[in-house]
Amino acid sequence: MVNKIVFVAFLMLACAVDLYSCIPVSRNDPVIVTRAQWGAQPARGFTNLNTPVPLVVIHHSSVPGACFNQNACSQAMRSMQNTHQNVNGWVDIGYNFAVGSDGLVYEGRGWNRVGAHAAPHNSNSIGIVLIGHWVSATPPALQLQTTQRLIALGVRLGFIRPQYSLIGHRQVSATECPGQALFNQISRWPNFTPNFQFEENDV
Ligand SMILES: [Zn+2]
């Protein structure tokens with residue numbers, strides 16, 4: 001009995017601290033490295049994202065290059081956040097999430113905050129960067145798989161519409177991002193939208 005009370009109290013505390021810890025996990029869910037775990041600086045402000053979003057935008061970081069363990073990927077996250085906050089003058093790292101070649105997801109602005117990654121679509125999309133320069137080199141299979149699992153998780157949690165459009169950054173901006181090799185990969189993924197046209201009712 002006492003054990004049960006302790007367990008329930010633990011669950012309530014866990015839910016209060018982190019809502020996601022209360023949501024049942026599936027075997028295919030990616031592991032998400034939290035901001036605290038990668039050593040993020042606090043956000044300097046935020047705008048709430050209206051969810052579920054109709055759009056998922058894929059990026060590469062170009063710089064920093066690929067990272068293959070949690071230490072290196074955490075360093076890459078700190079580097080991107082530093083550039084975005086202190087050079088670009090943004091409130092936080094631009095992306096909602098990042099995925100490393102280590103197969104881990106790194107929390108950026110998360111599911112609930114508008115990012116800065118693919119204007120003018122920031123307010124109706126989740127932006128995911130695959131850390132690395134993926135112009136001629138293809139990301140490791142594990143990194144690609146983790147990205148797809150992150151999108152599936154977003155749909156399941158209700159942050160991404162089931163009928164979302166998947167695009168590469170270059171489809172809405174004059175950039176080579178996410179790199180030709182990565183773009184070739186996402187072109188074969190579910191919900192990829194080759195002739196993406198923004199419509200007012202997508203907002
Ligand atoms: Zn991009």
Side-chain angles (χ1 to χ4, degrees), residues 30 33 35 38 40 43 46-47 49 53-67 72-102 104-111 113-140 143-151 154 159-160 164-198 202-203:
V33 178
R35 294 173 65 94
W38 60 260
F46 65 89
T47 303
L49 185 62
V53 295
L55 186 61
V56 175
V57 185
I58 300 294
H59 303 266
H60 74 162
S61 59
S62 188
V63 177
C67 54
C73 293
S74 294
Q75 169 60 37
M77 292 298 287
R78 293 192 296 272
S79 166
M80 287 190 284
Q81 187 189 35
N82 181 58
T83 301
H84 292 177
Q85 285 187 323
N86 298 322
V87 179
N88 299 8
W90 300 344
V91 294
D92 197 356
I93 187 170
Y95 309 108
N96 296 92
F97 292 96
V99 180
S101 295
D102 57 354
L104 299 178
V105 172
Y106 292 80
E107 181 186 23
R109 297 196 190 189
W111 298 117
R113 296 183 175 190
V114 173
H117 58 92
H121 300 290
N122 293 318
S123 59
N124 67 323
S125 69
I126 289 288
I128 303 172
V129 62
L130 282 77
I131 301 171
H133 184 71
W134 306 120
V135 173
S136 52
T138 300
Q143 189 170 8
L144 296 169
Q145 181 188 63
T146 296
T147 306
Q148 294 189 77
R149 288 179 171 182
L150 176 65
I151 296 169
F159 296 116
I160 299 171
Y164 66 93
S165 296
L166 174 75
I167 63 169
H169 186 190
R170 58 168 62 177
Q171 290 175 262
V172 292
S173 191
T175 172
E176 72 173 359
C177 182
Q180 188 62 48
L182 174 52
F183 189 71
N184 292 345
Q185 292 295 316
I186 67 167
S187 300
R188 301 176 203 140
W189 290 4
N191 295 53
F192 177 73
T193 307
N195 301 308
F196 174 73
Q197 297 285 337
F198 177 69
D202 283 343
V203 176

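The figures here come from the full heavy-atom set of this structure, side chains too, leaving out hydrogens, waters and symmetry mates. Atoms within each ligand, like the ligands themselves, are counted from 1 in listed order. This chain uses plain numbering: 1 for the first residue, then up along the sequence.
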Note to self: Looking at Asn96 and Gly127, would you say the former's side chain and the latter's main chain have a donor-acceptor pair under 3.5 Å?
What the structure shows: yes
Next item on the list: Kindly write out the residues that satisfy disulfide bond (SG atoms under 2.5 Å apart) with Cys177, not counting sequence neighbours, or none if the list is empty.
Entry: none
Next item on the list: If the plane angle is over 60° it's perpendicular, under 30° parallel, otherwise tilted; pick one for His121 and Phe196.
Entry: perpendicular
Note to self: Quick one, Phe183 with Phe192, criterion ring-ring contact (aromatic ring centres under 6.0 Å, His included). Give me CA distance, side-chain angles, the key distance, then yes/no.
What the structure shows: CA-CA 10 Å; Phe183 189 71; Phe192 177 73; 5.7 Å; yes
Next item on the list: Could you please give the number of protein N/O/S atoms within less than 2.8 Å of the Zn ion (ligand 1)?
Entry: 3
Checklist line | Under 3.5 Å side-chain donor-acceptor pair for Arg78 and Gln75 | finding: yes
Margin query: Parallel, tilted or perpendicular, judged at 30° and 60°: which one describes the rings of His117 and Tyr95?
Written below: tilted
